[in-house]
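Here's the structure we're looking at; comments come further down.
Remember, it's a predicted structure, so these values are computed and weren't measured experimentally.
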Amino acid sequence: MSGGAEQMSCPCGSSLLLALPDDIFAIVAGSLTPMDVCTLSLCSKNLNALVTSDKVWLAQCESLGVVSSQDLVEWRTGVSSYKTLCKFLWNVKPLMGIWVHQNPELGNVVYVMPGFVSVVGCRIIPQELGPLGMEDGPILWAPVFEIIGDIDGSMAFLLHGRERDCDNLYPGSINSIDKNCNVLFLEVEPKQRINGGSLAHEKNLAHCNSDRGFSRRICKSDRGRSRSQRLLENSPVVPFCNLGFGDRRKLLELVADHVRLRVPNLANGLLFPPLRDDDERFQKDVVLMSKRRSLLMKIYKFGEGCNNLQEAHQLPLNPTQMELHKIRKSLDRPNSCRGSVNSDETQVCSPKRKVATYFKDRLKFILGKSTPVNGRAVSRNGLSSSENKHSQFQEFLSSADTIGMTLCAKSVKLFTYRAWPNMHDNQFALYKLPTPLPATGQEYAGLWGGTFGWPPGRPTDDKPGKALFFLSLSYEESEEQKLLIATKILEGTHYVLHPNGSAMFVAKVDEISSDSFPWNNDGVSISVDVKHAYIGDGIANGYGFRYPGSKPGSLFVIQDGLLAFVWKESRAVLTLQRLNLQELLKKGERVLALPPIVNFAYLTKSFSNVFTGFSSTTR
C-alpha cells in the first residue's frame, strides 16, 4: 500500500513539467521545435503560463542557430519578447545562405546574413584579390535587400537600389516564406479594398505554383464572411508569372518608381554589425543600428516626411501600395501591335519578327497547339497569342484596386546538373544554392575561394591583382565512383573565361594520384606538405564558350587546410581555402548598388563585369 501511495503521489504528465525548475524546463523545451512549444501551451492554463517565459523562448531562439546567444540579447531590445523574436527568426531562417543567378556569367552571388533584428541580402562583387590577400583584404559588396523585424515580429521588405545618383529604398510586402524555399521571386501583387475601406483579406494572387493551379480552399479565417465576398476573393485571377516578360518588367519598374524612398543619412549606415574586435566601438555601432532600424520602420509604415501616427492616418494609401486607377490609362494606351506594354515585345510588327512569328505559329499548328487563320495563329479561345497576353494583363489589373511589390519565397521543382540549378532566364528571381557542410567522408564540402597561381593569394610584380574565384564544393556518386565537384559561382576576371555554374574541376576521391606537387615551398621557404592527392579533370577549352572541355590533372590537399588543383599539361594551379563569408563581409567594403529591379535580378546576358562602374566608388 505504501508503495502504491508513493506511486500515486509522484508527479506525472503536466504535473511533472510544472514541478521542474524554470532553468531545467527551459533546457527540456530547447529540444522541442517552436511549433511543439506552441502546442504545449494549449494543453492547460498552467502550461501556457510556463511556456510563455522568456527563458523558454530564448532557448528556442538559440536552437534555431540564426545568430549567437550574445547577439540574441542585443536583438531582444528591439522586440516585445523572446517569443516575438523567435517568430521572426523562424520565418527568415529558410532565407539564410547563398542565392545565385546565371547572369551575368562572371557570377551573381547574393549572400543573406543576419543584420540587426533583420536579415540582409549582400551581393558579392566580382573582383581581383588585393595585396593583403583574402583574409586581411576587404571584399567588395553591395546591398540588395533587407527584411526587418518589427516590435511584434512582423516583417518589412526593403529593396535597395540607386537611381539619379541617390541611394533609395523600395518598400514592399512579404508573402509566406516556405520552409524549404529554393527560389526568391520579385513580383507585383494586386490587393482589393472592400467597399472603399481597408485592404481586403490578403491573398497571394501573384505567385504561380509549379502546377499553375489556383487553390480555392477557404481557410478558417474566412468563417463568418459572406458567400459573395468569398467568391470574389477566391475567383481565379491571372498569376503574375503568367504575364508577358515585358509586362512584368514594366509593372515592377512602375511600382518601384512610385514607392521609392530617399535614404536618410542615418539609414545609410551599418546594415549588419562588424566584427567584435573592439567591444566599446561595437556597442556604439549597435546603438546606431538600433536607431537606423527604428527610422526605417517609421518610413516603411508612414512614408517620407511623416512624423507621427496622426499624420499617418491622413495619408491616402499605404506607402508600399500604388493605386491602379492612376496608372491604368498609361498602361492601357493604344498600340499598333496589341500585346505587351513593353517596347521590347511590341516590336513583333517588324518584318523580321513577323517572319519568325509566322514559322513559330505554323510549328504550333503542326503540334496541335493552335489553329492558323489567314496565316495568324489563334489559340483555342479564339484569341491570337498577343491578344491573349493583352487579355491576361488586363484581367490581372482588374483584379485589384492597388498593387505593390512583394517578395515570394517558394519551393519549386528544379533540375540541377552537378549542383547547379537550371534557371529561367525571364524570371525576376534568385535561386538557392545548396552549400553542404563538411561531414565524415565529405570533408571538403562547402564554400571555397582562391586564385590561379602559386604561391597562393600573393600578387606578384608582373601581376599585381589576381582574379578571385568562389567555388562550391560538393560530392556526387557516379558510376560507382565518388566525385568531388568544384562549381564556379563567382569569377573576378574582367571578361568571363568559363560559364557560370560550370565545374572548374572534378576529382575522383577514391583514386590516388601518383603525380608530385610541382613546387617545394610556398614562396616563404616553408616546405609544402601534401596530405593527399587525387586524380581528376580540370576545365579547358571545348566546343565554344557554353560547352567547355576538360584536361587531366590532380587535386592536392596541402597543410593549413589548402586545396590546389594542378593541370598536368600546363602546370596551371588553382589554389583554394575555405571561406567564412559572413566574417569576410563584416570587414568588407560597401559599394554602390545597381538600379532596383536589376539590382535584385540581372537578367541581361553579359560576359563582362557589369558591376565595374559601380564598384569603383566605395562607401
Q) According to the interplanar angle, ranging from 0 to 90°, do the rings of Phe607 and Phe545 count as parallel (below 30°), tilted (30 to 60°) or perpendicular (above 60°)? A) perpendicular
Q | Side-chain H-bond candidate by donor/acceptor type, Asn108 with Arg123, under 3.5 Å | A | yes
Q. Under the side-chain contact (heavy atoms from CB on, under 4.5 Å) test, which residues partner Lys284, sequence neighbours left out?
A. Glu280
Q | Residues Asp178 and Lys410 bridged, charged N to O under 4.0 Å | A | no
Q. If you take all heavy atoms of Pro596 and Ala256, which pair is closest and at what distance?
A. CG-CB, 4.3 Å
Q.
Check this for me, if you would: do Asp257 and Arg164 make a salt bridge, where the nitrogen-to-carboxylate-oxygen distance has to be below 4.0 angstrom?
A. yes
Q. Centres of the Trp99 and Phe600 rings: under 6.0 Å?
A. no
Q. With a 6.0 Å cut-off on ring centres, are Phe245 and Phe428 close enough?
A. yes
Q) Rounded to the nearest 0.5 Å, how far apart are CZ of Phe272 and SG of Cys122? A) 4.5 Å
(Q) Please report the interatomic distance CH2(Trp75) to CE(Met289), rounded to the nearest 0.5 Å. (A) 9.5 Å
Q: Scan for salt bridge (charged side-chain N to carboxylate O under 4.0 Å, His left out) pairs involving residues 596-606, sequence neighbours excluded, and state none if there are none.
A: Glu105-Lys605
What side-chain donor-acceptor pairs closer than 3.5 Å can you find for residues 143-152, not counting sequence neighbours?
| from | atom 1 | to | atom 2 | distance (Å) |
| --- | --- | --- | --- | --- |
| Glu146 | OE1 | Arg292 | NH1 | 3.0 |
| Glu146 | OE1 | Arg292 | NH2 | 3.4 |
| Glu146 | OE2 | His160 | NE2 | 2.8 |
| Glu146 | OE2 | Arg292 | NH2 | 2.7 |
| Asp150 | OD2 | Lys301 | NZ | 2.7 |
| Asp152 | OD1 | Ser154 | N | 3.1 |
| Asp152 | OD1 | Ser154 | OG | 2.7 |

